[in-house]
2 protein chains.
Amino acid sequence: MGVKQKRARYKEEFRREILDAARELFINEGYEKFSLRRLAEKIEYSPTTLYLYFKDKDDLLFAICEEVAEQFLDNLDRVGTLQTDPLEALRQALLYLMEFGLENPNQYKVFFFTNPMVYGTQEEFMERDSMARNSYFAFRKIVQDCIEAGRLREMDTEVLTQVLAVAAHGLIAMTLFNRSFPWADRQVLAHTLVDGLLRGYAP
Amino acid sequence: MGVKQKRARYKEEFRREILDAARELFINEGYEKFSLRRLAEKIEYSPTTLYLYFKDKDDLLFAICEEVAEQFLDNLDRVGTLQTDPLEALRQALLYLMEFGLENPNQYKVFFFTNPMVYGTQEEFMERDSMARNSYFAFRKIVQDCIEAGRLREMDTEVLTQVLAVAAHGLIAMTLFNRSFPWADRQVLAHTLVDGLLRGYAP
DNA sequence: TTTTTTTATTAACATCGTTAATTTAAACCT
DNA sequence: AGGTTTAAATTAACGATGTTAATAAAAAAA
């Protein structure tokens with residue numbers, strides 16, 4: 001009964017086409033309403049066709065995560081090299097992270113809150129080259145520079161990097177997911193958070 | 001074809017029975033595997049029976065959230081009154097929050113990361129009495145005491161409370177959801193985070 | 001006992017991710 | 001050309017989800 005038939009000449013090309021459509025679907029319809037079937041409908045293919053280009057849903061989400069991470073990393077690098085003062089670079093990086101999450105909620109949700117294992121085990125995450133991993137490295141570099149310049153207390157770089165990251169992510173995640181709560185202005189929260197992390201709230 | 005028939009004599013009683021079973025299901029099987037149908041099977045009732053006691057899934061989740069929040073609030077109050085030093089009380093409260101989330105991941109996920117609107121609009125959240133709201137109030141009180149005692153910088157209580165909360169939540173949420181990432185020891189992270197928030201990371 | 005109300009069930013719908021079997025189109029080969 | 005092989009896409013189906021409407025069963029009220 002198939003009336004129209006299409007051929008995707010090059011696998012890579014079509015993969016990109018699918019990913020573009022997926023990203024658009026995420027942005028337009030939101031993270032919650034995304035589904036393989038809707039995506040298939042959007043690109044006017046049968047749902048099963050997707051399985052010729054992606055192993056499963058997680059595989060597709062992983063690809064999207066990498067796209068998002070790439071975009072994020074590009075901007076983070078610009079932020080990092082723009083400032084001469086390492087501490088100011090860190091401040092800007094933290095602010096940028098939060099801005100990125102808040103301005104691209106759907107992409108952020110895919111990136112940080114989908115299937116918790118799309119990047120494999122912890123060892124695999126650190127060994128395999130991925131945009132997500134490189135983002136972390138870039139961020140860690142900024143933190144390290146601060147420590148080496150004596151602008152941050154001497155302490156375990158890994159721990160400090162992670163603490164700073166989770167604090168920033170917390171602001172994004174909470175204001176994004178906990179919509180019933182009357183949050184203060186996000187800009188104010190973001191700046192206050194960075195201030196507190198760097199200077200502390202004690203007088 | 002119904003062979004066995006049961007009667008739930010008192011609506012409230014049965015509601016509790018359902019909630020207990022739901023909580024158990026959450027704890028044993030995990031957040032991801034929870035479903036109304038599994039719950040129904042567990043209590044040996046038909047799935048539709050649940051709809052006689054809860055409007056829909058969100059309504060049930062809300063009830064569970066409130067249970068979790070009640071438990072959380074009880075312990076938070078104990079922490080708050082145990083310490084004489086307000087700043088130490090805050091430190092303990094933050095540590096307890098993180099401990100609670102990390103030790104009860106399933107309940108935490110229900111509480112903070114299910115349907116973002118179970119508590120209604122932001123106005124409704126603040127006006128309606130709820131354990132979730134009261135938890136926030138209790139936490140805010142601890143922060144306020146610190147400010148009034150001059151142990152924290154003078155600033156908007158609401159903003160400061162929220163910033164401290166999201167930072168702590170970030171640690172929980174990230175280590176809970178981002179399982180592919182090789183996090184440092186959570187205890188270390190938690191203590192370092194609180195330290196940083198109160199004293200700052202700058203030298 | 002008969003009627004009414006409460007409680008529970010069955011059947012069904014729309015959605016989801018996914019697999020197996022099958023059809024269609026293109027590419028290849030004398 | 002025509003026939004064969006390979007690649008691409010589709011249909012049908014499975015098991016699972018939340019949810020609604022129609023119906024049966026039991027308890028309470030009359």
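What you are looking at is a predicted structure, and each value in this text was computed from that prediction instead of being measured. Residue numbers start from 1 in every chain, and the chains themselves are labelled A, B, ... in the order their sequence lines are given, proteins ahead of strands.
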**Prompt:** If you pin A:K55 and B:T49 to their nearest nucleotides in DNA chain C, which one's is more 5'?
**Reply:** B:T49
**Message:** By nearest atom, which of the nucleotides D:dA8, D:dT10, C:dA8 is closest to the A:Y53 side chain?
**Reply:** D:dA8
**Asked** Which nucleotide in the list D:dT20, C:dT9, D:dA8 gets nearest to the side chain of B:Y45?
**Response**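 Between D:dT20, C:dT9, D:dA8, the one nearest the side chain of B:Y45 would be C:dT9.
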**Item:** Non-neighbouring partners of B:A202 that pass side chain to side chain contact (heavy atoms under 4.5 Å, CB included), sequence neighbours left out
**Value:**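 With sequence neighbours excluded, B:A202 shows a side chain to side chain contact (heavy atoms under 4.5 Å, CB included) to no residue whatsoever.
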**Message:** Around atom CD of A:E41, are there more than 12 heavy atoms from other residues, nucleotides or ligands closer than 6.0 Å?
**Reply:** no
**Asked** Heavy-atom count around B:K42 NZ within 6.0 Å, excluding the residue itself: above 12?
**Response** yes
Rounded to whole angstroms, how far apart are [atom1] on [X] and [atom2] on [N]?
X: A:F14; N: D:dA7; atom1: CZ; atom2: P; result: 17 Å
X: B:L52; N: C:dT6; atom1: CG; atom2: P; result: 12 Å
X: A:Y51; N: D:dT11; atom1: OH; atom2: P; result: 16 Å
X: A:E17; N: D:dA8; atom1: CD; atom2: P; result: 14 Å
X: B:K11; N: C:dA8; atom1: NZ; atom2: C1'; result: 12 Å
X: A:I43; N: D:dA8; atom1: CD1; atom2: C1'; result: 13 Å
X: B:F54; N: D:dT19; atom1: CZ; atom2: C1'; result: 16 Å
X: B:R15; N: C:dT7; atom1: CZ; atom2: P; result: 14 Å

**Item:** Donor-acceptor pair present, A:T48 side chain and D:dT11 base, under 3.5 Å
**Value:** yes
**Item:** Cationic N near anionic O, under 4.0 Å, B:R151 to B:D85
**Value:**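 Counted as a salt bridge, because a side-chain N and a carboxylate O are separated by less than 4.0 Å.
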**Message:** Between B:E67 and B:R16, does any NZ, NE, NH1 or NH2 come within less than 4.0 Å of an OD or OE carboxylate oxygen?
**Reply:** yes
**Request:** Kindly indicate, with the supporting measurements, whether the criterion side-chain contact (heavy atoms from CB on, under 4.5 Å) is fulfilled by B:Y108 and B:E103.
**Result:** CA-CA 9 Å; B:Y108 178 82; B:E103 305 250 310; over 6 Å; no
**Message:** Students often mix this up, so state it plainly: with edges at 30° and 60°, are the rings of B:F26 and B:F34 parallel, tilted or perpendicular?
**Reply:**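 Rings of B:F26 and B:F34: parallel, under 30°.
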Listed pairs, N/O of protein and of nucleotides 12-16 of chain C, under 3.5 Å:
unit_1	atom_1	unit_2	atom_2	d
C:dC16	OP1	A:S35	OG	2.9

**Prompt:** Does the side chain of B:Y96 come under 3.5 Å of the side chain of B:N75 through a donor N or O and an acceptor N or O?
**Reply:**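 The criterion, which ignores hydrogens and geometry beyond distance, is satisfied for B:N75 and B:Y96.
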**Asked** Are B:E88 and B:Q92 close enough that a side-chain donor and a side-chain acceptor fall under 3.5 Å?
**Response**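 Side-chain D/A pair, B:E88 to B:Q92: present.
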**Asked** Just how large is the angle between the end axes of the helix from C:dT1-D:dA30 to C:dT30-D:dA1, five pairs per end, to 10 degrees?
**Response** 30°
